[in-house]
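Before any comments, here is the structure.
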Amino acid sequence: MSPRAAWRLESLGFGEVYDYVDGKVDWMAAGLPTEGTNAGRPRAGDAARKDVPTAGLKERLGDVRDRIRAMGWDAVVVVNEERVVLGLLRSKELDGDADLHIEQAMRPGPSTFRPYVSIKEMATFMVEHKLESAPVTTSDGRLVGLLLQQDAIRLAGEK
Amino acid sequence: MKNKTKTLVKCVRCGTPIESCAFCDEPGCRTPTCYECVSTVLVQAKRQPHTHGG
């Protein structure tokens with residue numbers, strides 16, 4: 001919360017009050033819980049699949065493809081050891097030469113979206129752009145999950 | 001030496017010339033949108049969890 005709000009709460013007798021320096025938007029970008037009348041609105045972070053498979057830069061494309069398709073997936077997010085998103089492979093990239101390294105086959109630096117983004121607007125954009133999936137990350141680039149277009153549409157109540 | 005220039009497209013919302021769509025990054029995107037417009041639409045749509053003067 002803001003410093004003023006924190007001071008006001010202290011004046012009202014609240015004992016444990018902190019100034020979250022990076023701000024409310026950063027709090028929400030980390031996928032942390034919020035309260036209030038709009039807190040229940042579905043957001044990208046709610047629909048993002050947290051179980052999306054990940055791969056490392058040096059893995060072989062053929063191995064990753066076999067592994068993730070056996071799990072029923074057609075997309076994989078490339079992350080480093082800190083789980084920061086470095087790239088993305090959707091079905092088109094996954095169909096590349098099996099002997100390539102992931103870093104040669106991936107789509108580098110994909111557009112990522114914060115968890116607090118309204119699911120309705122994401123669904124509209126994803127349909128308009130025919131985007132099958134979009135990575136959702138915190139503001140420091142760590143993977144939250146992969147938002148699938150079908151999930152966004154379902155949650156947004158669009159058909 | 002050849003100068004290789006990237007083909008620019010115009011943002012469908014504001015007309016700004018951009019190299020690629022900031023939303024999908026697909027070269028053949030039929031509704032290319034600049035980063036500014038993507039951010040504006042997605043962030044404006046975000047409702048604050050509660051309202052106060054900050």
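Note that the structure is a prediction, hence the values are computed from the model and not measured. Note on naming: letters A, B, ... go to the chains in the order of the sequence lines (proteins, then strands), and numbering restarts at 1 for each one.
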Electrostatic pair A:R142-A:D140, nearest N-O below 4.0 angstrom | yes

Under-4.0 Å salt bridge between A:E121 and A:R43 = no

Between A:D66 (side chain) and A:D63 (backbone), is there a donor-acceptor pair under 3.5 Å?
-> no

Interface moiety of B:C29 toward chain A, non-hydrogen atoms closer than 4.5 Å | side chain

Write down the atom of A:H129, the atom of B:T31, and the distance for their closest heavy-atom approach.
-> CE1-O, 2.9 Å

What are the two closest heavy atoms between A:A152 and A:M126, and how far apart are they?
-> CB-SD, 4.2 Å

Given that the side chain runs from C-beta out, which part of A:R114 has a heavy atom under 4.5 Å from chain B: side chain, backbone, both or neither?
-> neither

Would a line drawn from the ring center of A:F125 to the ring center of A:F113 be shorter than 6.0 Å?
-> no

Are there residues of residues 75-103 of chain A that reach to under 4.5 Å of chain B by heavy atoms, and which ones?
-> A:R90, A:K92

Residue pair B:D25 / A:S111, side-chain donor-acceptor N/O under 3.5 Å | no

